[in-house]
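Have a look at this one.
Here the structure is a predicted model, which means the values were calculated and not measured.
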Amino acid sequence: MPPGIKKPKEDKLTGELRRSQILTSYGSGALADFPRLSGIMAGLDEWRVISLPEAAKIHEKNLEAMLGKEYFYQVSSPDTDLKKTFALPIFRFPSWYYCPECHKLDRYTKISKPITGNTSEYNSDLFCNECSDSKHRVKLIPSRFVVACLNGHIDDFPYVWWTHRNSEDGICDKPRLRLDYKGTTGGLDSIRIKCETCGAETTMAGCMDKEALKGIKCHGTQPWLGFGKDGKWYKDPVDCNATLRVLQRSANNVYYSVNKSALTIPPWSEKLHAVFQQRNSLFEDIFDDEEDEIPRRLKKQFQKSPELYGNNLDAFISAAYQFYCDKPEDVSEKSLRCDEYDAFCNADTDDEYFRTESVEVPEFLSKYISKIKLVKKLREVMVLQGFRRILPATESDPDERKKLGINNDFSQLSRTPLDWLPAIELYGEGIFIQLDEEAVSAWEEKNQTRYATMNDRLDVPWIGNGMFDKYHSRYVLLHTLAHLLIRQLSSQCGYATASIKEKIYSSFTDDSKKMSGILIYTSATDTDGSLGGLVREGHTDRLGNTFENLLQEASWCSNDPLCIESTTQGYKGLNYAACYACTLLPETSCEAMNCLLDRAAIVGTPDNKEIAYFYDLL
């Protein structure tokens, strides 16, 4: 710890976060504002995982193989008994504060009142050392600005350099800064900073420009990884040549989480594998023993509770070896998506983590849909892999990466790779729909030139985790249908639109495997998942009614004719006929950032109904 800073008290909680936020908005490296502290969530090296219960360790074999990890940790909700609470560490950041009364601007270690009593410095307000006394306390306010680069480094805004950058004499020996708000606009030009030592003065106008900090080198500061041996923030050992950018502390582009998720599918969804998951420490201990001792210990364990393991010793031993010894090979996001698609298309399954049931396709849809399955239970594991700043995805072009000084695809959560990552288990239900391959191929042939312009615009790498790698014209059809279904289902089954999600199973452009399916599902961290309302809507009669209403609603938008005739809507013009009045969804529901959509693919345009997939039903 740096001089003058007290070690955080383990029995003092700064605030609370939802379990899902630890993987999204407030993961390691994110800035968080709590009532008494503005800080940065600490990296995994600072997590005291040894205090977590055994149930917090979870497995998802495909994700483990894809990410090269042994297991994942799921942080439990805080316990009312503080001694049993697992608290995520947080460091106070930024370290520059100002006083709203005397307007001093400096590091809080220099201008804050000394902390007394048993209250941790990391769990208390900071008060001005000049303006505060026993009767009147003036709370210091954290800096509104920070600086960051595309490599994920983040640091305090260089107020001293910024104030003196136009001074002929440069930075004075002992700068003392004041921050005042002057003017009525509320803009950056109304924030004035003055050095009382030499009189240098400036405003914050222009600080957000791309070249505002030109000439200042990024030091590779990584405060979420704690302190180095010199007592200062830990610094990246790899030299950074990326340009520093000024960001507002609470801006969205300060933190973009990099998540990976997967559904638990056969064979890993079987009941025995669920039992191994629940008794993980016991079986890990068995498989850590001498190789010739493992069968004996497994048999002994089976004899204690044969009813729990299915009353079949051979099946039990085989499943145990599979779970703890067999690892999937060559797992990628692409292969995983294909395996999930096959799991839905194959025979019905009644596993602990994956239960599906086929239902009849409504007769009037039999030409367009080949299979409908009720997904009565599914398990999704979501993992936090890292994060990015400024841009939601890294640049893929090597020349552009070199020009921008990008060293990594995303920032790491620990100083060196660990054998685990933070994750959450989500349980839920859904509806899987497989479109007829002949009908989809015929639609593609009929519209083979319509989406050429959309394809040419796909030069942004962050659309759906590299969606352009698997872009196919049929993706627009499947994606649009999924959006329209979610909007229709949310009005019928009681779920909020933001709580329903999609997974699109579309053919990859570089693969001969044909896929044309969509999964509409909802999931939650509760082990019981949801209540069956979405599955109920998948039954033949109700889904038929849903499609009738869907086609009727999609045929008209309040922004028509502008919407239905458009071919340049959305980010980078990556939507055709799709707007918030008819097709777009909350970002939590869409896997492709509300891009690659075209309502005309479903219902056609006024001038050309034949481009619609459901042309005969219109």
The residue among K260, E64, K69 that forms side chain to side chain contact (heavy atoms under 4.5 Å, CB included) with L421 is K69

Before we go on, tell me: are the rings of Y256 and F410 under 6.0 Å apart, centre to centre?
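Ring centres of F410 and Y256 not closer than 6.0 Å.
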
Does F614 have its ring centroid less than 6.0 Å away from the ring centroid of F364?
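Not under 6.0 Å, so no.
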
Ring centres under 6.0 angstrom apart (Y321, F287)
yes

State whether the side chain of T480 and the backbone N or O of V476 hold a donor-acceptor pair below 3.5 Å, judged by distance alone.
yes

Which salt bridge (Lys or Arg N to Asp or Glu O under 4.0 Å) pairs, counting each pair once, include a residue from residues 538-550, with sequence neighbours left out?
E537-R542

Quick one: closest heavy-atom pair of V603 and S555, and the distance?
CG1-OG, 4.0 Å

Sequence neighbours left out, what pairs pass salt bridge (Lys or Arg N to Asp or Glu O under 4.0 Å) with at least one residue falling in residues 595-612?
R450-D598, D560-R599

Applying side-chain contact (heavy atoms from CB on, under 4.5 Å), run through K501 and T522 and close with a yes or a no.
CA-CA 6 Å; K501 298 183 284 187; T522 181; over 6 Å; no

Is it true that atom CD of E360 has more than 12 heavy atoms of other residues, nucleotides or ligands lying nearer than 6.0 Å?
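No, not enclosed.
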
Test salt bridge (charged side-chain N to carboxylate O under 4.0 Å, His left out) applied to D616 - qualifying residues, sequence neighbours left out:
K367

Can a side-chain donor-acceptor contact be found between S441 and E445 if the only test is distance below 3.5 angstrom?
no

